[in-house]
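Proteins come first, then strands; the chains are lettered A, B, ... in the order of their sequence lines, and each starts at number 1. Scope of the values below: all heavy atoms of this structure, side chains included, with no hydrogens, waters or symmetry mates.
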Number of protein chains: 2
Amino acid sequence: MRKLPAKLASQLYGAAELIAERGLDGTKIEDIAEATGIPKATIYYHLDGKNAVLEFLLSDLLDMIAGAVGVAVSSSEDARTRLEAAVLAQLGVMLEHPFLCRALVGDLGRATRLPELAGALRTAFYEPIEQLLAEGVSDGSLRQVADPGAVALSVFGAITVVGLSAAVEGPSVDPSTAAVRFSAAVSDLVLDGLATPGSRDQRRGEPL
Amino acid sequence: MRKLPAKLASQLYGAAELIAERGLDGTKIEDIAEATGIPKATIYYHLDGKNAVLEFLLSDLLDMIAGAVGVAVSSSEDARTRLEAAVLAQLGVMLEHPFLCRALVGDLGRATRLPELAGALRTAFYEPIEQLLAEGVSDGSLRQVADPGAVALSVFGAITVVGLSAAVEGPSVDPSTAAVRFSAAVSDLVLDGLATPGSRDQRRGEPL
DNA sequence: TGTTGGTTTGTACTGGGAGTACAAACTACG
DNA sequence: CGTAGTTTGTACTCCCAGTACAAACCAACA
């Protein structure tokens, strides 16, 4: 898979909506050719088939997410603040690209079975969070939990599902406003939890 | 799609691992026939094709989850406690059926495009939580949040992603122990949050 | 026992679409 | 011009889902 020329790359995005709508299987190569204006023969000249089309689109999305989150995470604030920033960054990118997100949900299975993508998925979504939780414990802005791995996974799940679900609901008029709204909800949950002060009865000994 | 006889139904589960491993597309009907011992012609006599196989398997999984969560939710405890029970119940079923879960992730797109399943998915996963959060506010065991819908979605995401990821990691030796462990982590996060007491600086005015 | 109606299964076929082969045209650069 | 990469149309091949159908099988029941 040689790196394909910028022009073709940009045309390929025209296929995202199609794939999002019908899934990769429901989308014929001919359809992609028609939607993008790139003839079938040319597609096959550059890419190794349908999967490669999806792989190209999704790895791009994952790069964007990883990039945005990376920036958010590397400020000099405390970990708690950076976590909020990371949540916002991830949701921002996701809402900015609803079709890619829908394609991702739709062919998640195939995506996880494509080795490159599986790794990129981890890098984009999961690792920054895991990292941040650890740093939060060090700098005292986040509390220690019993099972950091599982908790990081939960946080990752909370963010991602909100983002995907928003994408599936359909493109929003104003993605960045929506991102702010959703990220507030997620951060609220993840930082402060749902228990009322009165019902916080079984903490593991740290003072209230 | 007439209701298919119990014997065939049970045989069909033999296809779950196959589908989980390779995805529905990577699985030929002939493979399913071989794995289950049900000849292709018989499969087609009862089911409307490959999708129907998946649909059958998944709707069963979703029923199990909806059932277990339903039980957990309908005790007479306060909402907070029932939420914990629901988390445990959902993860319990998911870890009990890793192959079905993997098939679900793998063909999530197709699943959401199958109208019956999309509804069942919502019923099994999302609605009970949404309900519970509302009840928690009434009975005082959970706090009020600004955007209940988005928060419910986050909680749903946290649970589900943990479950799916555990399923993808491979079947565990002792599913119910694993379920307890994971549900503890999720409940811990969802109820108490990650902020340290010192950093709880921007709550919306409710007293600490 | 024969008859009827559903189920089971093997075999052979059809059709659609992914991917391939290939040659002709086009482009760029020396 | 010549050489090398790219673009594209056309015409394939091949695989596999789904269908057709007929023969067997298995009740129940008169």
Side-chain angles (χ1 to χ4, degrees), chain A residues 1-58 103 106-107 109-111 113-117, chain B residues 1-59 103 106-111 113-117:
Chain A
M1 188 148 114
R2 34 200 166 285
K3 201 172 136 302
L4 77 172
K7 181 177 176 198
L8 287 187
S10 79
Q11 282 179 282
L12 256 194
Y13 283 96
E17 182 166 357
L18 218 55
I19 295 177
E21 211 68 51
R22 315 186 196 163
L24 193 59
D25 306 310
T27 311
K28 290 175 264 193
I29 281 279
E30 298 283 8
D31 296 341
I32 297 180
E34 197 176 348
T36 59
I38 312 170
K40 175 176 148 174
T42 307
I43 297 179
Y44 274 106
Y45 180 77
H46 290 284
L47 297 162
D48 299 349
K50 264 207 304 191
N51 278 348
V53 174
L54 185 71
E55 194 163 340
F56 167 77
L57 291 175
L58 293 190
D107 290 278
R110 188 179 270 106
R113 236 169 280 114
L114 264 27
E116 283 187 47
L117 275 189
Chain B
M1 189 147 115
R2 32 198 168 287
K3 206 174 135 297
L4 77 172
K7 181 176 176 199
L8 287 186
S10 79
Q11 281 179 282
L12 256 194
Y13 283 95
E17 182 167 356
L18 217 54
I19 295 176
E21 211 68 52
R22 314 185 197 164
L24 193 60
D25 305 311
T27 312
K28 287 174 267 194
I29 281 280
E30 297 283 9
D31 296 342
I32 296 180
E34 197 176 347
T36 59
I38 312 171
K40 174 176 150 176
T42 307
I43 297 180
Y44 275 106
Y45 181 75
H46 290 284
L47 273 49
D48 299 349
K50 264 207 304 191
N51 278 348
V53 173
L54 185 70
E55 195 163 338
F56 167 77
L57 291 175
L58 293 190
S59 65
D107 290 279
L108 192 58
R110 189 178 270 106
R113 236 169 279 114
L114 264 27
E116 283 187 49
L117 275 189

[N] [atom2] sits how many Å from [X] [atom1], rounded?
| X | N | atom1 | atom2 | answer |
| --- | --- | --- | --- | --- |
| A:L8 | D:dG5 | CG | P | 18 Å |
| A:D25 | D:dC16 | CG | P | 14 Å |
| B:K7 | C:dT7 | NZ | C1' | 12 Å |
| A:E30 | C:dG19 | CD | P | 12 Å |
| B:R110 | D:dA17 | CZ | C1' | 12 Å |
| A:I38 | D:dT6 | CD1 | P | 15 Å |
| B:L4 | C:dT8 | CG | P | 9 Å |
| B:I43 | D:dT19 | CD1 | C1' | 15 Å |

### Query
Do you know the tightest heavy-atom contact between B:L54 and B:R110?
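Here B:L54 and B:R110 meet closest at CD2-CD, 3.9 Å.
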### Query
Which atom names give the shortest non-hydrogen contact between B:L117 and B:A111, and what distance separates them?
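Answer, listing the atom of B:L117 first, then B:A111: CB-O, 3.4 Å.
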### Task
Let me see the working for B:N51 and B:L24 under side-chain contact (heavy atoms from CB on, under 4.5 Å), right down to the final yes or no.
CA-CA 8 Å; B:N51 278 348; B:L24 193 60; 3.6 Å; yes
From [options], pick the nucleotide closest to the side chain of [X]?
| X | options | result |
| --- | --- | --- |
| B:Y44 | C:dA18, D:dG18, C:dG10 | D:dG18 |
| A:Y45 | C:dG10, D:dT6, D:dA17 | D:dT6 |
| A:K40 | D:dG5, C:dG19, C:dG17 | C:dG19 |
| B:K50 | C:dT9, D:dG18, C:dA18 | D:dG18 |
| B:T42 | D:dT6, D:dA17, C:dT8 | C:dT8 |
| A:I29 | C:dA18, D:dT8, D:dA17 | C:dA18 |
| B:H46 | D:dA11, D:dT7, C:dT8 | C:dT8 |

#### Entry: Residue closer to the 5' end of DNA chain C, B:P5 versus A:L24 (nearest nucleotide)
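Its nearest nucleotide being more 5', the pick is B:P5.
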### Task
Assess whether atom CD of A:E17 is packed by more than 12 heavy atoms of other residues, nucleotides or ligands within 6.0 Å.
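Incorrect, the count does not exceed 12.
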### Query
Quick one: which of B:L58, B:D31, B:V53 gives a side-chain contact (heavy atoms from CB on, under 4.5 Å) with B:I19?
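For B:I19, the side-chain contact (heavy atoms from CB on, under 4.5 Å) check succeeds only for B:V53.
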